[in-house]
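Presented below is the structure to which this report refers.
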Amino acid sequence: MIVPFKLTYFVYDDGDFISFLACFGSIIPAFLFGAALYQGFLKFDLKYLRTAAILLLNTMLNGIIKDVLKGERVASSGRDLCVNEGYGMPSDHAQFMFCWLAIFIYDLGTHRLAKSSVSQKPFFAFMYHNLLYVGSIGLSLFVCYSRYYLGCHSVLQLFIGAIIGLLIGIVTIIVGSKISSKKIKYQ
C-alpha cells in the first residue's frame, strides 16, 4: 500500500494564492529545525545543537500533550485543506514556532549577535536587531495564520500551542542558563 509522507504533505486550492503561500508557511518549522542541525554540525556550535535539542523536546512534549488532551482538529476558517490526521490541541506548528521564537529572541538579546560587524555601528545595529525581532515574530505569526487558513486548527488551538511553546522555550533557557553557569569540579 502506498501512503503519503504527511509530515511535508500539504494541499492548497489552485484558485487561491493565499492557500498556496500557507503551504509554505506550514513547512517553515521543518526548515528551521534542519537549519539548526546543519549549523550545529557544520560549525559544531553547541548553541545551535541546543536549539535543535530543545525544539525536538518541544515536539515530543506536544505529542504527549495531544495524546492526553485528545482534542480534535477544528477547521474554524471554513476551509478543510488540512491532510493531517490525529489530534489538533495544541497546535504543534504554533508550539514549535513560539518555542523557537523564545530561543531566538534570547540569543538575539544576549551575545550571539553582539560580536557581529553590524554591532560596530549603533544605528545599523539598532535597525538590524529590531528588524530581526519584528521578522521573527512575524514569521511565527505567519506560520500560525497559515495553519488557521488551511483549516488545520482553531484560534484556540493555535493560542494554546503558542503559550505552551513560549513556556517550554523560556523554561529550557532558564534551566540551561543555570546549568551552564555552575562550574563543574573535576576530582
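Remember, predicted model here, so these are calculated numbers, not experimental data. If you read the sequence from its start, that first residue is 1, and numbering goes on from there.
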Compare every heavy atom of Gly25 with every heavy atom of Ser146, then report the nearest pair and how far apart it is.
-> OG-C, 3.6 Å
How far apart are the C-alpha atoms of Ile103 and Arg50, what are their side-chain angles, what is the distance that settles it, and do they pass the side-chain contact (heavy atoms from CB on, under 4.5 Å) test?
-> CA-CA 10 Å; Ile103 297 165; Arg50 173 214 64 190; 3.3 Å; yes
Do Gln95 side-chain atoms and Pro90 backbone N/O form a donor-acceptor pair below 3.5 Å?
-> no
Straight-line distance of Tyr133 OH to Leu101 CG, nearest 0.5 Å = 10.5 Å
Could you tell me whether a side-chain N or O of His93 sits under 3.5 Å from a main-chain N or O of Val143, the two making a donor and an acceptor?
-> no
Among the clusters formed by ILVMFWY side chains lying less than 4.5 Å apart, do Leu131 and Ile28 turn up in the same one?
-> no
Tightest non-hydrogen contact, residues Asn58 and Gly165, listed as OD1-CA, 4.2 Å
Would you say Leu139 and Phe31 are hydrophobically clustered, going by side-chain heavy atoms of ILVMFWY under 4.5 Å?
-> yes
In terms of heavy-atom contacts, Ser91 and Ala94 come closest through OG-N, 3.1 Å
Check the angle between the aromatic planes of Trp100 and Phe104 and answer parallel, tilted or perpendicular using the 30° and 60° thresholds.
-> parallel
Would you kindly confirm whether Ile164 and Leu167 end up in one hydrophobic cluster when ILVMFWY residues are joined by side chain heavy atoms under 4.5 Å apart?
-> yes
Given the options Thr172, Val171, Ile170, Ile174 meets side-chain contact (heavy atoms from CB on, under 4.5 Å) only with Ile170
Indicate the atoms forming the closest heavy-atom contact of Ala22 with Tyr149, along with that distance.
-> CB-CD2, 4.4 Å
In the single-linkage hydrophobic clustering (I, L, V, M, F, W, Y; side-chain heavy atoms under 4.5 Å), do Phe98 and Leu56 co-cluster?
-> yes
Evaluate the side-chain contact (heavy atoms from CB on, under 4.5 Å) criterion for residues Met89 and Ile65: first the C-alpha distance (whole Å), next the side-chain angles of each, then the deciding distance (0.1 Å), finally the verdict.
-> CA-CA 8 Å; Met89 175 64 106; Ile65 294 168; over 6 Å; no
If only atom types and distance count, is the side chain of Asp92 paired as donor or acceptor with the main-chain N or O of Thr59 below 3.5 Å?
-> no
Under 4.5 Å between any side-chain heavy atoms of Phe96 and Phe33, yes or no?
-> yes
Is there a donor-acceptor pair closer than 3.5 Å between any side-chain N or O of Gln157 and the backbone N or O of Ser154?
-> yes
Quick one: closest heavy-atom pair of Ala102 and Ile173, and the distance?
-> O-CD1, 3.5 Å
Around Phe142, counting heavy atoms of other residues, nucleotides and ligands shown, do more than 12 lie under 6.0 Å from its CZ?
-> yes
I would like to know whether Leu166 and Cys99 meet side-chain contact (heavy atoms from CB on, under 4.5 Å); could you show each step before the answer?
-> CA-CA 5 Å; Leu166 276 174; Cys99 181; over 6 Å; no
Derivation of the side-chain contact (heavy atoms from CB on, under 4.5 Å) call for Ile105 and Ser136 | CA-CA 8 Å; Ile105 287 178; Ser136 62; 4.3 Å; yes
With the 4.5 Å side-chain cut-off for hydrophobic clustering, are Ile168 and Ile163 part of the same group?
-> yes
Atom pair CG/CD1 of Leu69 and Ile160 - distance to nearest 0.5 Å | 9.0 Å
Rounded to the nearest 0.5 Å, how far does CG of Leu37 lie from OG1 of Thr51?
-> 10.0 Å
